[in-house]
Amino acid sequence: MPSGPYDADAVEEKWQQRWLDEDTYAYQESEVDDPDTAFAIDTPPPTVSGNLHWGHVYGTILQDIVARFTRMQGEEVFYPFGYDDNGIASERLTESELDIRHQEFTRREFQQKCREVCAQYEDEFTENLQSFGFSIDWDNTYRTIEPRVQRTSQLSFIDLYEQGKEYRKRAPAIWCPECETAISQVETEDDEQHSHFHDIEFGVVDSEGQRPSGSRSETGDSEAAGQEEFTISTTRPELLPACVAVFVHPDDEANQNLVGEAARVPLFDHEVPIIADERVDMETGSGLVMCCTFGDQTDIEWYQAHDLDLRVAIDESGHLTDVAGEYEGMSSDDAREAIVSDLEDDGALLDRWEITHTVNVHERCGTGVEFLVADQWYVEMLDSTDEYLEAGREMDWYPEKMFSRYKHWIEGLQWDWCISRQRSSGIPFPVWYCEDCDEAVMADKADLPVDPLSDDPPVDACPECGGEEFVPEDDVFDTWATSSLTPLINAGWDWDDEQGEFTMENPELFPMDVRPQGHDIISFWLFHTVVKCYEHTGEVPFDSVMINGMVLDEDRKKMSKSVGNVVSPETVREEFPVDAARFWAAGSSIGDDLPYQEKGLRAGEKLLQKLWNASKLVDSLTPETAPDVDEADLSALDRWLLAELDGEAAFVREKLENREFSKARDSLRSFFWGTFCDDYLEIAKERVREDDDESAKYTLTVAHERFLKLFAPVLSHISEEIWQEMYAESEAPRASEASGEAASSEFQSIHRTAWPEPTGIDADHDAGETAMAVVGALRRYKSERQLPLNTELDTVSVYGNVDGFERDIRNVMHVETLETLEAEPEIESVVTGIDLDYSVVGPEYGADVPDIEDGIENGEYEISDDGETLSVAGHELSTAEFTVERERRYTGEGEMLEADGALVIVQQ
RNA sequence: GGGUUGGUAGUCUAGUCCGGUUAUGACACCUCCUUGACAUGGAGGAGGCCGGCGGUUCAAAUCCGCCCCAACCCA
């Protein structure tokens, strides 16, 4: 071992390079003889056109701890990585980098350019990730835009279609008129914008005699007959031509008379029904709302609930259609001004005032979204919600509470999943339609990936009507339709045309063992993945789900670019060792948010230094190869340490299996620091130096190597460094043994060694604890008297079980004579109080407990001579129900200390 | 607006499912100690109406109800 402090920079870089060079963590299929020994992590692919941010690092550290830990349990771990470059973000990036427009190219050409541009970003992203030394298998990566993944996406679409799980329907879509593309709900956000409210007068159509009889009260009738107009408040008068109905809240007494009547839309003169619906917001405006095609989400709901007409007044570029008559061709802004002005001329504009309100905008350009009607493909979900719920139940959720989110999501489903996007780039639908009968013709699975815009359909004539002309589908898939297939992509799911069935290249990987995911995006990502993979394979795609929280800043605020409180991984990397960051991340309770705190990283750094220093000491005390000592000959203290360490190894294993990172980390840290370094090592080093104690040398070696392995999943670099320095040579490489391949050139990483099996050594746990407590009491004795810790003590007498530890106590605390007492030392004791054991007394005496307490408080009690019975408040309490508290005064020579489990008398 | 989760010393947290009277640990703070791995160390100390109000109970951080605050999800 090198002398001096731990040089994290050099060590970490060295091992990161070595792990990459040697493919240390590459998935070795040959190692898997039973699917149960393969462990697959389905990592969600990040968008690589943005920067690596600290949240990525945090989530990946947790995955990596699981990966490294699981390898040490003897499983072959598949830890792949994906890059999501199939999205608007990547396309925009490509356009701006190359100064082109995607419309200038075919899809294939443009996607090729996207791949080229993204490749640079991917390299940077990869380099960044690799500077954290994650045990990702860099031979197993994919890009969501690559042809192989396009093929998987299109296969998925065709498979669901053939299963009858997909349908095509003309329905509303969220549309950005600026980008001229459909976008998904998750790509929109709320924005405060200035606008105007307009009070507009609508006429009531005289429809006497046409009303259904008996539907309203007499009074309502007569009132309606007298009303000839009403007021609508709207921020969007340009939608008047799209108006298809007027709504009134069922509880709106004042306007109830209008329900069932028809309204005449000003300027455009068409008639629309007046309908009652509780989705009307009675607080805003007049309480009467016009429903258009489509002003907002509620309009869509009304359209579907009440089977209303469609009047599409705004086209894909945000201009008015022929439905708008003389306003056709105007932009919606121009049309608004023109219509308002004409309303004013007509006297129909009653009022106009400025307001600020929230509007739904496209997150990328800030333009208010429109709702257009378009042909869409949908994945049917509503008919299978029971199955999806059951699938969710079959997975282990870490933390468990996240299952309730899944449950609520399933139960709250109201829409099938729209997978069509009217973007001009992306992964195309492999579909053509017969020009004559609109029959959908799917591509042949063997031909995928295809682009209908440039490829021919697989048939010459329509199988339905014989028509020979086809129209290619020009929509592309929602990116989630691809992102939800990662388990299938990772397992190599494909269509085998010869066998006529779906196959998997690595069937042993599916279902995947764990799916990591941030809790902010589980609904639209994880859930979709479960649903899609379940439909394709009939299996739940994950055995378990590991949900991580968000990284917050030091003030527990969410990190965001606009607030400017983001932490850049590069900066952290410059300031702290990676292992310190890993220590920090491992301090999280799974699912909880974790604030980034430098002191957390500093604590990690201190632990690294402690581990390094302790290792140097162990190295200096022990020979190159572990001494050959029969475990039966070990001293009591050594047996005690190894037995305690057995317990710690089992505890850490259990906690990591349950993804209770922080419990594993904290317990191991304090056991190592407190029990090993402060208690054991202090004693052992004296024994080795003074007596050349073989038992201690053996124990130091065994325990120390075990500590390195227990730390290895969390402190990956330093544990590798020290282990390689001290133990690698003496441990037979497992990999070469099994495979017989070029063993000499392959090095054995600590992360591919086995987790410590219990030594099974028996020890007197209580005597060890008591001995440590006695040492603690003596330290305190010296400390309180401001004596150096190596002050000699003449005689120490111990009343308590420290059998076998006498010599250790003597040596470490510099005690001349240590004797153990058979009988309690000369003590005068005064009763100072009675402690009740409430868990027994409570249920036994119930409401009398306060009386008993009062009796004790006032001294109105009696303890029997043998101390077995306590008489108080008319009850006789037995010995199990109370403890007598005494103040003990030692009357003999010297000073008495109280330790946990022992009385100690010091004579200096 | 609906749902979910959380609120415990100055800070971060354990404990809450399954109630038991001295509430866990770390950081920061205060005092003392340079002994041979480590002062990024060691020994000790102080610091809490467990978000608020009510209820159940012999007993509540823990169970129930209402309220306040925060985050996230859905609208």
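Treat the numbers as computed from the prediction; the structure is a model and nothing was measured. Here is how names work: the chains are called A, B, and so on, in the same order as the sequence lines, proteins then strands, and each is numbered from 1. We use all heavy atoms of the structure for the numbers below, so side chains are in, but hydrogens, waters and symmetry mates are not.
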Colleague: Measure CD1/I718(A) against P/C38(B) and give the value in whole Å, please.
Modeller: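 Atom CD1 in I718(A) sits about 16 Å away from atom P in C38(B).
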Colleague: Please report the distance separating the P of C73(B) from the corresponding atom of G51(B), rounded so that it comes out in whole Å.
Modeller: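 It works out to 25 Å between them.
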Colleague: Separation of D900(A) atom CG from U22(B) atom P, in whole Å?
Modeller: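 So the two atoms are 17 Å apart, to the nearest Å.
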Colleague: Counting Watson-Crick and G-U wobble pairs only, both distances under 3.5 Å, name the nucleotide matched with A14(B), or none.
Modeller: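 No nucleotide pairs with A14(B).
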Colleague: Output the single nucleotide from C58(B), A26(B), C72(B) whose closest atom is nearest the side chain of P850(A).
Modeller: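 Output: C58(B).
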Colleague: In this structure, is the centre-to-centre distance between the rings of W397(A) and Y406(A) below 6.0 Å?
Modeller: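 Yes, ring centres under 6.0 Å apart.
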Colleague: Give A614(A) one of three labels, base, sugar-phosphate or nothing, depending on what nucleic acid heavy atoms sit under 4.0 Å from its own.
Modeller: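 Base, at least one base heavy atom under 4.0 Å.
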Colleague: Is there any protein nitrogen or oxygen under 3.5 Å from a nitrogen or oxygen in nucleotides 41-49 of chain B, and what are the pairs?
Modeller:
residue : atom : partner : partner atom : Å
G41(B)  : O3'  : K610(A) : NZ           : 3.3
G42(B)  : OP1  : W673(A) : NE1          : 2.3
A43(B)  : O2'  : S783(A) : OG           : 3.0
G44(B)  : OP1  : R780(A) : NE           : 3.0

Colleague: Without hydrogens or angle criteria, can the side chains of Y680(A) and D638(A) be said to hold a donor-acceptor pair below 3.5 Å?
Modeller: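 Per modelled atom types, Y680(A) and D638(A) side chains form a pair under 3.5 Å.
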Colleague: At a cut-off of 3.5 Å, list every protein nitrogen or oxygen paired with a nitrogen or oxygen from nucleotides 18-21 of chain B, distance to 0.1 Å.
Modeller:
residue : atom : partner : partner atom : Å
G20(B)  : N1   : Y838(A) : O            : 3.3

Colleague: Does the ring of F403(A) carry R393(A) above it, NZ/CZ under 6.0 angstrom from centre and within 45° of its axis?
Modeller: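 No.
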Colleague: Whole angstrom is fine here: how far is it from CG in L601(A) over to C1' in U40(B)?
Modeller: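 Going from CG in L601(A) over to C1' in U40(B) covers 14 Å.
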Colleague: Could you measure between the two C1' atoms, the one in G47(B) and the one in U22(B), and give it in whole Å?
Modeller: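 It comes out at 16 Å once rounded to the nearest Å.
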Colleague: What does E682(A) touch in the nucleic acid at a heavy-atom separation under 4.0 angstrom: a base, only the sugar-phosphate, or nothing?
Modeller: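 Here E682(A) touches the bases of the nucleic acid.
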Colleague: Within this structure, what is the CD-to-P distance between E844(A) and U57(B), rounded to whole angstrom?
Modeller: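 In whole Å, U57(B) P and E844(A) CD are 20 Å from each other.
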Colleague: Check the distance between G25(B)'s P and L668(A)'s CG and give it to me in whole angstrom.
Modeller: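 So the CG-P distance, L668(A) to G25(B), works out to 18 Å.
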Colleague: Which of these nucleotides, A14(B), C12(B), U4(B), is closest to any side-chain atom of R405(A)?
Modeller: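 The answer is U4(B).
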Colleague: Is the backbone of P577(A) close enough, under 3.5 Å, to the side chain of E605(A) for a donor and an acceptor to pair up by distance?
Modeller: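 No; zero donor-acceptor contacts below 3.5 Å.
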Colleague: What is the distance, to the nearest angstrom, from the CD atom on Q517(A) to the P atom on C72(B)?
Modeller: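 After rounding, the gap between these two atoms is 17 Å.
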Colleague: Nearest to the H519(A) side chain among C72(B), C38(B), A14(B), which nucleotide is it?
Modeller: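 Closest nucleotide among those given: C72(B).
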Colleague: Return the pairing partner of U40(B) with a 3.5 Å limit on both distances, Watson-Crick or G-U wobble; otherwise return none.
Modeller: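 No nucleotide pairs with U40(B).
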Colleague: Looking at the rings of F651(A) and F671(A), which for Trp means the six-membered one, are their centres under 6.0 Å apart?
Modeller: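 No.
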Colleague: With a non-hydrogen cut-off below 4.0 angstrom, is K599(A) in contact with a base, only sugar-phosphate, or nothing?
Modeller: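 Since a base atom lies under 4.0 Å of K599(A), the category is base.
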Colleague: Give me the ring orientation class for F247(A) and W302(A): parallel if the planes are under 30° apart, tilted from 30 to 60°, perpendicular past 60°.
Modeller: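 Parallel: the ring planes of F247(A) and W302(A) meet at under 30°.
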Colleague: So, do E644(A) and E648(A) sit near enough that their side-chain heavy atoms are less than 4.5 Å apart?
Modeller: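 In short, these two side chains do not touch, never coming nearer than 4.5 Å.
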Colleague: Please state whether the phosphate of U24(B), meaning OP1 or OP2, lies under 4.0 angstrom from any side-chain nitrogen or oxygen of K663(A).
Modeller: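 Checking U24(B) against K663(A), no side-chain N or O comes under 4.0 Å of OP1 or OP2.
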Colleague: Output yes when K663(A) and E654(A) qualify as a salt bridge under the 4.0 Å nitrogen-oxygen rule, no when they do not.
Modeller: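 No, no charged N to carboxylate O under 4.0 Å.
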Colleague: Rounding to an integer number of Å, can you tell me how far K616(A) NZ sits from C38(B) P?
Modeller: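 One finds 7 Å between P of C38(B) and NZ of K616(A), rounded.
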Colleague: With sequence neighbours excluded, tell me which residues meet side chain to side chain contact (heavy atoms under 4.5 Å, CB included) with S544(A).
Modeller: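 So S544(A) forms a side chain to side chain contact (heavy atoms under 4.5 Å, CB included) with D396(A), Y398(A), V514(A).
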Colleague: Which base sits across from U24(B) as a Watson-Crick or G-U pair, both distances under 3.5 Å?
Modeller: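 Checking every strand shown, U24(B) finds no partner, since no pair has both distances under 3.5 Å.
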Colleague: To the nearest 0.5 Å, how far apart are CZ in R659(A) and OG in S589(A)?
Modeller: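 R659(A) atom CZ to S589(A) atom OG measures 14.0 Å (nearest 0.5 Å).
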Colleague: Using purine N1 to pyrimidine N3 plus N6-O4 or O6-N4 for Watson-Crick, or N1-O2 and O6-N3 for G-U wobble, each under 3.5 Å, what pairs with U4(B)?
Modeller: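 Matched U4(B) with A71(B) under the 3.5 Å cut-off.
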Colleague: With both distances under 3.5 angstrom, what nucleotide forms a Watson-Crick or G-U wobble pair with G65(B)?
Modeller: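 Base partner found: C53(B).
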